[in-house]
Amino acid sequence: MSFFENTRKPVGLGGRIMVSMMNLGHRSLAKWGLQYLPLDPDARVLDCGCGGGANIKKLLKMCPQGIVKGVDYSAVSAEKARKHNAAAIQEGRCFVWQGSVERTIFAAEWFDAVTAFETIYFWPDLPRCFREMYRLLKPGGAFLICNECDDTEKGEKWVKKIEGMTVYRGIQLHALLAKAGFQHIQVHRNKKGWLCITARK
């Protein structure tokens, strides 16, 4: 397995290095994307594919009276996310679950917002996963997707390096979200070619 395979499912020492790199490397993307996600101070948020937990920490600051949960199917990622947010976990404001976004343990209509940063590339059965996100959200709740790559030459380069990676165009994601029941779908881009999509239940 190449080192870059750890972007899909971090394992072992290479995985621990990768999640630390992700916590640093995705900061700018997260800062850009989160401007499209207004949150109430007491919001309940789920970060899917939470990696090393850096975005969980950002979300906890955005909703200081709220609760932020995370899910990742990598044991290495879940462990790192728990350590990174240990204080909030101890306070009862954070919980990290190791499992698949395809079928989660969380209650229906519990979350005000769900986020997915640099992760849907690896989600199995994307339509089913989007239906699960829809189930988890309260009516009016927001789903935020942020990707550095879309279906361009840049995206194709990474697909060749990482087995099991799929890069989607904004128009594809828009269609899949609409089919899952989402409304008010907006596609945002910046000069770097980053893609951010917001949708409402």
Side-chain angles (χ1 to χ4, degrees), residues 1 4-11 15 18-19 22-23 25-26 29-30 33-34 36-37 45-56 59 68-78 80-81 96-106 108 110-111 113-137 141-152 154-182 185-188 194-201:
M1 184 179 83
F4 290 110
E5 292 292 316
N6 282 293
T7 57
R8 180 170 55 87
K9 188 174 184 180
V11 295
M18 179 60 75
V19 293
M22 288 176 177
N23 274 355
H26 295 164
L29 176 73
L34 285 171
Y36 299 109
L37 185 69
V45 186
L46 175 65
D47 186 31
C48 293
C50 62
N55 290 330
I56 289 177
L59 291 162
V68 179
K69 298 187 179 185
V71 53
D72 201 292
Y73 77 158
S74 161
V76 168
S77 294
K80 176 70 173 179
V96 178
W97 176 65
Q98 183 193 345
S100 173
V101 295
E102 195 174 6
R103 185 182 289 122
T104 72
I105 62 170
F106 304 116
W110 199 84
F111 293 98
V114 173
T115 61
F117 296 92
E118 288 284 87
T119 180
I120 66 164
Y121 312 124
F122 310 112
W123 287 12
D125 193 350
L126 201 60
R128 181 173 179 171
C129 292
F130 282 178
R131 289 195 299 271
E132 176 68 356
M133 301 304 104
Y134 188 88
R135 182 187 74 83
L136 295 173
L137 283 166
F143 183 25
L144 173 81
I145 298 169
C146 273
N147 291 345
E148 281 190 13
C149 296
D150 60 4
D151 190 18
T152 60
K154 179 183 176 183
E156 290 173 5
K157 179 187 76 172
W158 285 107
V159 167
K160 290 175 183 176
K161 286 185 178 182
I162 304 168
E163 185 180 349
M165 181 176 183
T166 304
V167 176
Y168 302 92
R169 287 176 291 147
I171 193 170
Q172 291 175 296
L173 296 173
H174 190 293
L176 289 170
L177 287 165
K179 193 172 182 180
F182 286 98
I185 303 164
Q186 294 185 309
V187 179
H188 312 275
W194 294 350
L195 176 68
C196 177
I197 299 182
T198 54
R200 293 274 174 182
K201 180 172 179 177

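In this text the structure is predicted, and so the values were computed from the model without any measurement.
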Nearest atoms (heavy-atom pairs only) where [X] meets [Y]:
X	Y	answer
C196	C146	SG-SG, 3.6 Å
I185	A199	CG1-CB, 3.9 Å
A113	L37	CB-CD1, 4.1 Å

Taking only residues two or more places apart in sequence or in another chain, which ones pass salt bridge (charged side-chain N to carboxylate O under 4.0 Å, His left out) with R135?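 R135: salt bridge (charged side-chain N to carboxylate O under 4.0 Å, His left out) contacts with E132.
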Are side-chain heavy atoms of [X] and [Y] found at a separation under 4.5 Å?
X	Y	value
V101	M133	yes
F130	L173	yes
F117	C50	no
V167	Y121	yes
L46	F106	yes

Working to the nearest 0.5 angstrom, can you tell me the gap between [X] [atom1] and [Y] [atom2]?
X	Y	atom1	atom2	result
L176	R131	CG	CZ	10.0 Å
H188	T198	NE2	OG1	3.5 Å
E118	I120	CD	CD1	9.5 Å
L29	N147	CG	CG	7.5 Å
L177	Q172	CG	CD	11.5 Å
S77	Q98	OG	CD	9.0 Å

Is Q186 reaching over with its side chain to a backbone N or O of I197, donor-acceptor style, under 3.5 angstrom?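 The answer is no, because no donor-acceptor pair under 3.5 Å joins these two groups.
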Strictly distance-based, threshold 3.5 Å: is any side-chain N or O of K201 a donor or acceptor partner for the main-chain N or O of L137? yes
Candidate list L144, I56, T119, D72, test side-chain contact (heavy atoms from CB on, under 4.5 Å), partner D47, passing option: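 For D47, the side-chain contact (heavy atoms from CB on, under 4.5 Å) check succeeds only for I56.
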What residues form a side chain to side chain contact (heavy atoms under 4.5 Å, CB included) with E102, not counting sequence neighbours?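 Residues passing side chain to side chain contact (heavy atoms under 4.5 Å, CB included) with E102: S100, P124, D125, R128, C129.
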Evaluate the criterion side-chain contact (heavy atoms from CB on, under 4.5 Å) for residue pair V114 and V45; output intermediate values, then yes/no. CA-CA 6 Å; V114 173; V45 186; over 6 Å; no
Pair L126-Y168, side-chain contact (heavy atoms from CB on, under 4.5 Å): steps then yes or no: CA-CA 11 Å; L126 201 60; Y168 302 92; 3.5 Å; yes
Results of ring pair (Phe, Tyr, Trp, His ring centres under 6.0 Å) for F182 - residues two or more places apart only: Y134, F143
